[in-house]
A.B. asks: 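Have a look at this one.
So you know, we letter chains A, B, ... as the sequences are listed, proteins then strands, and number each from 1. These figures come from a predicted structure and were not determined experimentally.
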There are 2 protein chains.
Amino acid sequence: MRKAPTIRDVAAAAGVSVSVVSRVLNPDSGPVAPAKRQEVLRVIDDLGYRPRAAARELSAGHALTIGLVVTDLSNPFFARLADRIVWEARSHGVQVVLMTTQEDPHLEADSLDTLLDRSVSGVIATPTGGNIEKWRRLRDLGVNVVFIDRAIEELDDVDVVSIENFDSAQRSTGHLISLGHTRIGLITGPLSTSTGSARVNGYKAAHQHASLPVDPTLVRDVPFRGDAGGDAVGSLLAMRQPPTALIVANTAQVQSSVRRLVQTGIGIPDELSLIVFDDNPWTELTTPPLSVIRQPLDMLAVHALELVLGRMHGKLPDGARRIEVKADYLPRNSCAPLVLSNAR
Amino acid sequence: MRKAPTIRDVAAAAGVSVSVVSRVLNPDSGPVAPAKRQEVLRVIDDLGYRPRAAARELSAGHALTIGLVVTDLSNPFFARLADRIVWEARSHGVQVVLMTTQEDPHLEADSLDTLLDRSVSGVIATPTGGNIEKWRRLRDLGVNVVFIDRAIEELDDVDVVSIENFDSAQRSTGHLISLGHTRIGLITGPLSTSTGSARVNGYKAAHQHASLPVDPTLVRDVPFRGDAGGDAVGSLLAMRQPPTALIVANTAQVQSSVRRLVQTGIGIPDELSLIVFDDNPWTELTTPPLSVIRQPLDMLAVHALELVLGRMHGKLPDGARRIEVKADYLPRNSCAPLVLSNAR
DNA sequence: TACAAAAGTGGAACCGGTTCCACTCCGGAC
DNA sequence: GTCCGGAGTGGAACCGGTTCCACTTTTGTA
C-alpha cells in the first residue's frame with residue numbers, strides 16, 4: 001500500500017515550483033513555458049500522478065459533484081432516470097452522489113444536510129414536498145437545485161423539469177372519451193404534489209371539453225409508496241357502477257394496479273380499457289400489451305443536467321425556468337371502443 | 001448567498017480553541033470538560049455549523065464514501081441492487097458515488113480513476129472483466145474492493161459476493177429434466193464471466209447426473225448488452241429439433257428473450273417450458289406468470305457492504321472472502337411436464 | 001506535603017491542492 | 001538608451017478540518 005504522489009512530488013521531479021504544476025493542471029490559470037509544460041506532463045505521466053479531489057474541493061469551496069435525490073431506485077422510472085443522469089453527468093466530468101428518500105421528508109432532510117457537507121454544486125431531486133425551508137437554505141448557500149418530475153408550489157424560484165402532466169392526462173382522457181367511455185377511472189398521485197394535481201386537472205378538463213360530468217368517486221389519489229394502487233383498483237371495480245376505462249397516472253402504482261387487474265381476471269380491453277403512465281419495457285409483455293404514456297426520460301435528464309451545469313457556470317439568466325417536455329401516447333392493445341353490452 | 005460557518009467561527013463564539021471543538025466533534029479523540037462540551041454543542045447548534053467533508057477527507061486521506069460501479073441502472077437487477085446498497089450504506093453513514101460502465105472496460109477504467117481521485121475507501125462493482133491491473137493497483141492503494149454478482153478469475157484475492165450460480169443452474173435444469181424434458185435450451189452470459197461459466201457448468205452437471213447427453217447447440221452464451229437474447233431465442237426455435245424447455249440464465253437478456261417468445265406466439269408452457277433468472281415483479285404479470293430463480297438482492301447488498309465496511313475498519317481477517325448466497329426457485333406457471341405430442 | 005499520573009487546553013503543523021503577488025526577464029516602442 | 005508591458009516563475013497564504021505535542025491544572029497515592 002504505497003503512497004500516491006502529490007503535486008509537490010511532481011514539482012520536485014520536474015524541477016519546477018508547485019505553482020507551475022498547478023498551472024499545467026489548470027490551463028487558462030496562468031502562463032507556462034512550452035518546454036516546462038512538456039516536462040511537467042512527462043513527469044505526471046511517469047509518476048502516475050492524479051490530483052486529489054478533496055484538496056481541490058477544499059480550496060475551491062465546492063465540489064464537481066452533484067447530488068441526485070430520488071425516492072427509490074427499485075422504481076424503474078427513477079432507476080432509468082438515474083441512469084440517464086449519471087450518464088449525462090459523466091460526459092460533463094461531474095460525479096453523482098446518490099441518495100434515496102423513500103418519500104420520507106426526514107430522510108430527505110438528512111440527505112440534504114449530507115449533500116451540503118459534501119459541498120455539492122448542484123442537486124437534482126424529486127422532492128417529497130416537505131422541507132421547504134431546507135431547500136431554500138440550500139439554494140441560498142449557492143447550491144443549484146433542479147426539481148425533476150415534480151415541483152413544489154411554494155418554491156416557485158426553483159428550476160423544474162417535468163413532463164406535460166396536464167396535457168398528457170387531458171389527451172389520454174380525451175382519447176378514452178372519444179372511444180365512447182363516459183365512466184373513466186383515474187388513479188393518480190397525491191394531490192399535494194404537482195404531478196398529482198396537474199393530472200387530475202387534465203382529466204377534468206377533458207371531461208369539461210366533452211361536456212361530461214366528472215364523478216369524483218372515480219378519481220383516486222394514492223401515495224407513491226406501498227400498494228395503494230392495487231387497492232384502488234379493487235375498490236373501483238367493486239363500485240355499483242364501475243368504470244369502463246381506467247387511467248393509471250401514478251407511475252409508482254402501475255405495477256401494483258396491473259397485478260390486481262390480472263388477479264381479478266377482468267378482460268382487457270373488452271371489459272376495461274387501460275392506459276398507464278409508464279413506458280417500461282414489460283408493458284408490452286403483458287396480455288394484451290398495454291397502451292402507455294411514454295415519459296421521455298432522456299429529455300428530462302438532459303434538461304435537468306443542462307440547468308444544473310448551466311447555473312454552475314453562471315451561463316444562465318436569473319429567474320427560475322420551468323421546462324415541460326412532451327409525453328407521447330403510445331397506443332397498443334389495451335384500449336377499445338365502448339360497446340353497449342359492457343356499459344353496466 | 002451567505003458563507004457557512006467554519007470550525008474557527010465556532011471556536012471563537014464558544015471561547016475555546018479549535019482543538020476543543022474538534023474533540024467535541026470526534027468523541028474519543030481526546031478529553032473535553034463537560035461544561036465546555038455543552039457550550040460548544042450549543043454554539044454549533046446555534047450557528048448551524050456542519051463540518052465540511054472535503055476538509056475532513058483531506059486530512060484523513062480518505063473519504064467516507066464508496067464507489068458503486070455497475071453496468072447500467074436501466075437494468076432492473078442493478079437498479080434494485082443499487083437501491084439496496086445505497087440504503088444499506090446510508091445506515092452506516094457512508095455515501096455512494098455511482099458510476100456506470102455499459103460493460104465497456106474503457107469506461108470502467110475511467111470510473112476507477114475518478115474514484116481513486118475521490119479517495120473513496122471502498123468500491124463495490126460488477127466488473128466488466130477487463131482492467132485487471134487497474135483493479136490490482138486500486139487495492140494496493142488501500143481501496144477495499146468487493147465484486148458483486150461476478151468474479152474475475154485472475155483476481156482471486158478480491159472479495160466476491162454472488163449467488164450460487166452453479167447450484168441454481170443445476171437445480172433448474174434438474175427440475176426441467178424431472179419433468180421429462182431432454183432438449184433444454186440455455187441462454188447464459190459470456191463464458192468469460194464467472195456467472196456465465198458457472199451456470200453452464202451447473203446445466204451440464206444436471207445432464208450428467210441424469211445420464212443425459214449435452215447438446216452444445218442448445219447452449220447460447222450471449223453478451224449482457226444489446227438484444228442478443230431475443231436473437232438466441234429465435235435461432236433456438238428455428239432449429240430442426242427445437243428445445244422443449246428453455247432457461248434464460250442471463251438476467252440482462254430476460255426481457256428481450258421473453259419479448260421474442262411473445263412475438264412468435266409460442267405456447268407457454270404447452271409448447272415450451274420456461275425458467276428465467278430474474279425475479280422482477282413484472283414476471284408475474286405475463287401470461288402465464290413466469291417461473292423464476294429469485295436472486296436475493298438484499299442479501300447480496302448486505303454482504304457486500306459488510307465486507308467493504310469491515311475491511312475499512314480493519315475488523316476482517318486477511319485473505320479474500322467468497323460469499324455465495326442461495327437463490328430460490330420460485331415456481332409459477334411457465335413449466336409443464338413434457339407430453340409426447342410436443343416432443344418433435 | 002510532595003510528587004506522579006491523568007485530565008484538560010491551545011498553538012501550530014499538516015493534509016494537497018489553488019491563487020495572489022512580487023519579482024525577473026524579455027522584446028518592442030519611443 | 002530608457003521605459004513599459006507582458007510572459008514566466010516561485011514563495012507563501014489559504015481552504016477547513018485533524019492531530020501531535022507542550023503546557024497547565026487537577027486528582028490520587030505514598
A.B. asks: Do any side-chain atoms of residues 21-30 of chain A form donor-acceptor pairs under 3.5 angstrom with protein atoms, and if so which ones, sequence neighbours left out?
C.D. replies:
| residue | atom | partner | partner atom | Å |
| --- | --- | --- | --- | --- |
| A/R23 | NE | A/P31 | O | 3.3 |
| A/S29 | OG | A/N26 | O | 2.7 |

A.B. asks: My understanding is that only residues two or more places apart in sequence, or in another chain, count here; which of them pass side chain to side chain donor-acceptor pair (under 3.5 Å) with B/S121?
C.D. replies: none

A.B. asks: Which side chain to side chain donor-acceptor pair (under 3.5 Å) pairs, counting each pair once, include a residue from residues 34-53 of chain A, with sequence neighbours left out?
C.D. replies: A/E39-A/R42, A/R50-B/D117

A.B. asks: Could you list all the side chain to side chain donor-acceptor pair (under 3.5 Å) pairs where at least one residue sits in residues 310-324 of chain B, not counting sequence neighbours?
C.D. replies: B/D159-B/R311

A.B. asks: Tell me which pairs pass ring pair (Phe, Tyr, Trp, His ring centres under 6.0 Å) where either residue lies in residues 93-139 of chain B, with sequence neighbours left out.
C.D. replies: B/W135-B/F147

A.B. asks: Enumerate the residue pairs fulfilling side chain to side chain donor-acceptor pair (under 3.5 Å) with a member in residues 57-71 of chain A, sequence neighbours excluded, ordered by first and then second residue.
C.D. replies: A/E57-B/R118, A/T65-B/R118, A/T71-A/E103

A.B. asks: What does nucleotides 7-23 of chain C look like as a protein-contact string, B for base, S for sugar-phosphate only, - for none, at under 4.0 angstrom between heavy atoms?
C.D. replies: -BBBBB--BBBSB----

A.B. asks: Please round to 10 degrees the angle between the axis of the first five pairs and the axis of the last five pairs in the helix from C/dT1-D/dA30 to C/dC30-D/dG1.
C.D. replies: 50°

A.B. asks: Kindly state each residue pair satisfying ring pair (Phe, Tyr, Trp, His ring centres under 6.0 Å) with at least one member in residues 71-98 of chain A, sequence neighbours excluded.
C.D. replies: none

